[in-house]
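In each ligand, atom 1 is the first atom listed, and ligand 1 is the first ligand listed.
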Amino acid sequence: MSAKSMDELVSLCKRRGFIFQSSEIYGGLQGMYDFGPLGVELKNNLKSAWWKSMVYERDDVEGLDASILTNQLVLNYSGHEDTFTDPLVDCKSCKSRWRADQIGDTCPNCGSKDLTDPRPFNLMFKTNVGPVEDEGSIAYLRPETAQQIFTNFKNIVDSTSRALPFGIAQIGKAFRNEITPRNFIFRVREFEQMELEFFVEPGEDNLWHDKWIEERSKWWESQGVSKKKIRFLEVPKDELSHYSKRTVDLMYEFPHGEEELEGIANRTDFDLGSHSKNQDQLNIQSKIRKNSDSNSRLAIQNKDTNEWIVPFVIEPSAGVERGVLAILNEAYKVEKLEDGKERIVLALKPHLSPIKAAVIPLKKNNDDLVSLAKNIKDELQSLGKGRVLLENTGNIGKSYRKHDEVGTPMCITIDFDSLENNTVTIRDRDSMDQKTYQIHELTSYFSNFFK
Ligand code: GAP
């Protein structure tokens, strides 16, 4: 069973050092969170699982890490300056501000129905680059990682000699000045996206779109998100983003309700077409604005026919924070023990666990035990499977409880038998079974476990 409420997750995250409110000592900054010692590991593990499956395990995807600050023209031609807005209303009684589509006709704060008419509010964070603050120095913090993939299209095609179909993957920060950030890390103003732009021949886009919807839901399952909690939502035509021909959202039952975890869009040739020079010489199908600023033809040549093609784009776009929230929700369990007590256990998939193993000497002041534990920690750490922790508290029961709660798959106890007979005890997080192993068996046991 997953967490019963968001409060349980928020409390665990704070208590054990996964996630904190940002700038907390000064009252916080709304819509921002900081990832603590365990949160940063979990987040990195999720991102690296995505990167492995998207880039390393495929032969048709390249990676990119582009700048966050983005030239105004990029977000002008992409359509974001004009259309990346939410409808904003003010409550005339209590002066609070709301997203019109989320509240109906009543202010959730004071109950007044005296609201202004909705008006568009652009969600992008604007700044100036360089010492002069004028119209010419405006730049934006990117609202999606996708755009710089499109602007780098020619660089990547030229440097890798790719032919269609192929993709470009990127993980990185995105920023949106959300009117009402809420539900912990679900809707925030600074977050990370894991995005793939997959370029295909026009006409093959529908097929690839279906393939990616299937691939992505399977991937979430492999991260521990149960299939029955994911629903495919066909986004209604009148709610599609300006670039999309069709979008399917993977909806997940978060503790606060069912909402979008990832969107998979068919962006057609809108973006490459919009950012390209010589648009009228290309057979662009989308309705785009004339581009008089770009110096690059964002098309690819068919090697057989020499014809220039503006590819269609299939885009699976997932939020890291929403992924972390879904995974925590799935993994959180409260179990009744035989003695009537309860334990909280975070049954994370081992590859996602922030700590892979805790090595615990039975007594914290015994130099021989501690030194052997340290050697074992160093040896397991050097295998490169992730963080291994020397847990020198001298309190085995308390250490087990802590490591259950943070999802450590195994605790390795070093006791006097370890010194005399070269054995250790491994306690399994999920079954709580304890088994004895020879020290020389440890590295292969550990490596196999995390294979
Ligand atoms: N490039 C396409 C794009 O950005 P989106 O549906 O606006 O599409 C993609 O965002 C994903 O990014 C969402 O499915 C969600 O996981 C995440 N995301 C979007 N806005 C977010 C926010 N304010 N806070 C946290 N995650 C967000």
Determine whether Asn122 and Glu81 satisfy the following criterion, side chain to side chain donor-acceptor pair (under 3.5 Å), listing intermediate values before the conclusion. CA-CA 7 Å; Asn122 196 297; Glu81 276 198 325; over 6 Å; no
Step by step, work out the side-chain contact (heavy atoms from CB on, under 4.5 Å) result for Arg401 and Arg343. CA-CA 7 Å; Arg401 268 199 305 287; Arg343 74 160 182 157; 5.8 Å; no
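At a threshold of 4.0 Å, the pair Glu321-Arg187 does not count as salt-bridged, since none of the basic side-chain nitrogens sits closer than that to a carboxylate oxygen.
Phe186 and Phe184 have their aromatic ring centers separated by at least 6.0 angstrom.
Closer than 4.0 angstrom to ligand 1 lie heavy atoms from Glu144, Arg176, Glu178, Phe186, Arg187, Val188, Phe191, Gln193, Glu195, Tyr243, Glu260, Leu261, Glu262, Gly263, Arg267, Glu315, Ser317, Ala318, Gly319, Arg322.
Side-chain atoms of Glu197 and Gln170 form no donor-acceptor pair, as typed in the model, at a separation below 3.5 Å.
When the ring-ring contact (aromatic ring centres under 6.0 Å, His included) test is applied to Phe20, no partner is found at least two apart in sequence or on another chain.
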